[in-house]
Trainee: 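Supplied in structure tokens, the structure appears directly below.
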Amino acid sequence: MFMRASFIIKGDICYSENLENLTTRENSYLVCVEGYSCGVFDKIPDEYKDLEVCDYSDKLIIPGLIDLHVHAPQYHFRGLGMDLELLDWLNTYTFPHEAKYIDTEYAKKTYEKFVGDLVSSATTRAVVFATLHVPSTIILMDMLENSGLVSYVGKVNMDRNSIPELQEVCARESIENTIKWLDETKVKYKNTYPIITPRFTPSCTDELMESLGKITKEEKLPVQSHLSENQSEIEWVKELCPGTKCYGESYDRFRLFGEYSKTIMAHCVWSDEYERKLLKDRGVYIAHCPDSNMNLSSGIAPIRKYLEEGQRVGLGSDVAGGAYLSIFRQMTDAIQVSKLFWRLIDGNSSPLKVEEVFYLGTLGGGEFFGKVGSFERGYELDVVVIDDSEYRTEDLNLRQRLERTIYLSQHKDIKHKFVRGNKIF
Ligand code: GUN
Ligand code: FE
């Protein structure tokens, strides 16, 4: 049987206990037994004294970051069309580009770059959109599995309102493709899991949504999609789905909104009170993607309000709506847009703090994967080891070093990465 590793990491350790509380432990020992954390100690406890010690003294030790929403095929054209809003950007850049993934050679080349860059980033787990193409999606899943990262990957469903080169001809064809893909991938991997992925309501007929809802229920599969990102999109959904009280209902009426399985909805920039209650009641995870929301002029999601309401929130890069894979970057963007929200939109709100965005990018998103995103005892152990010497000045405490790392670190500063206790590099 496959055995997960046991070892100890020595260094300057930071992790979230919860939204408010960040634990910082200088020169301490993080104990990993068979891939799980046994906690952080000042001295190595006797019972663990025979374990190997990885000495990363003076380095920053943090949980792996979690990307709750990223489009792998879009990595290749990020930074283009950023003068457009969502629907024009989809039609002009995104759909024609995703259509290229009918070519598996193209998929191999571009997915290799995406996975390589994700591995060298601070992200250890991601929830990923592929394209509607089954062979290319399986190529991506094979590569992610080989990388050692943990991921959910969705073959995208879309049977209306796209360009002819990127559309399944009918709901039946889309479902047949989905079943074929699930048959091949459901039990193939250790760290890579399929997730049901209706692109967004404008891309999916009612017939397709209904069948996806049935598959989700029968197979107990998780779901991801987009919700209330852009005002023109929301108006369009109202026209497409008469009688629904909010955009979220266009998923919920087909049981694709957290009723049977865990669900991520990206954005939720414009969710009204009714939709927010539905999100809360169903325990849906909100993927906050501030880089994307700025680039596509979508707006500012009211994350402070969501946190006060007790919503489940994590961060997403939303490449290529977002131009950067870095979840550190999403943390700083989340702080910045929350300041603009407070200054320009709602003076009763308050900006997000470093502790809070660090929580969102680790524990907040990590919960989708189980006990993930912290070093508290019992959590699965994903670790990133960072050399912050380039921007570390003598007078900084550990919390300040973490803050500077969030703002200033680069891929080259990430020295080692462990996922589920396995050393990736
Ligand atoms: N809504 C539907 N498809 C997409 C996409 O690819 N990116 C973003 N940001 N929103 C979407
Ligand atoms: Fe997206």
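In listed order, ligands and their atoms are each counted from 1.
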Trainee: Below 4.0 angstrom from a heavy atom of L86, which ligand 1 atoms are there? Numbered from 1 as shown, please.
Mentor: 8 (C), 10 (N), 11 (C)
Trainee: Less than 3.5 Å apart, any donor N or O on the side chain of Y189 or D142 sitting next to an acceptor on the other?
Mentor: yes
Trainee: Given Y247 and H267, is the ring-ring contact (aromatic ring centres under 6.0 Å, His included) satisfied, shown in steps?
Mentor: CA-CA 12 Å; Y247 187 164; H267 306 301; over 10 Å; no
Trainee: Has ligand 1 got any nitrogen or oxygen that is less than 3.5 angstrom from a nitrogen or oxygen of Q74?
Mentor: yes
Trainee: Using a strict cut-off of 4.0 Å, indicate which atoms of ligand 1 neighbour a heavy atom of H267.
Mentor: 9 (N)
Trainee: Can you name the residues that form a salt bridge (Lys or Arg N to Asp or Glu O under 4.0 Å) with R253, not counting sequence neighbours?
Mentor: D206
Trainee: Do K280 and Q311 have side-chain heavy atoms sitting under 4.5 Å apart?
Mentor: yes
Trainee: List for me each residue that meets salt bridge (Lys or Arg N to Asp or Glu O under 4.0 Å) alongside D387, sequence neighbours excluded, and say none if there are none.
Mentor: none
Trainee: Show your reasoning for whether ring-ring contact (aromatic ring centres under 6.0 Å, His included) applies to Y391 and Y407.
Mentor: CA-CA 10 Å; Y391 44 83; Y407 277 87; over 10 Å; no
Trainee: Using distance only, find each side-chain donor-acceptor pair of residues 340-351 under 3.5 Å and give its atom names and separation, not counting sequence neighbours.
Mentor:
{"unit_1": "W342", "atom_1": "NE1", "unit_2": "S349", "atom_2": "O", "d": "3.4"}
{"unit_1": "D346", "atom_1": "OD1", "unit_2": "N348", "atom_2": "N", "d": "2.9"}
{"unit_1": "S350", "atom_1": "OG", "unit_2": "R304", "atom_2": "NE", "d": "2.9"}

Trainee: Which option, F200, Y93, W89, owns the non-hydrogen atom nearest atom 2 (C) of ligand 1?
Mentor: F200
Trainee: Mind checking whether F418 and F7 have ring centres under 6.0 Å apart?
Mentor: yes
Trainee: What protein N/O/S atoms lie closer than 2.8 Å to the Fe ion (ligand 2)?
Mentor: H69 NE2, H71 NE2, H226 NE2, D318 OD1
Trainee: Looking only at side chains, do E275 and S228 share a donor and an acceptor under 3.5 Å apart?
Mentor: yes
Trainee: Distance to 0.1 Å, residue and atom name: give those for the protein heavy atom nearest to atom 9 (N) of ligand 1.
Mentor: D318 OD2, 2.7 Å
Trainee: With respect to atom 3 (N) of ligand 1, which of E229, R199, H71 exhibits the smallest heavy-atom separation?
Mentor: R199
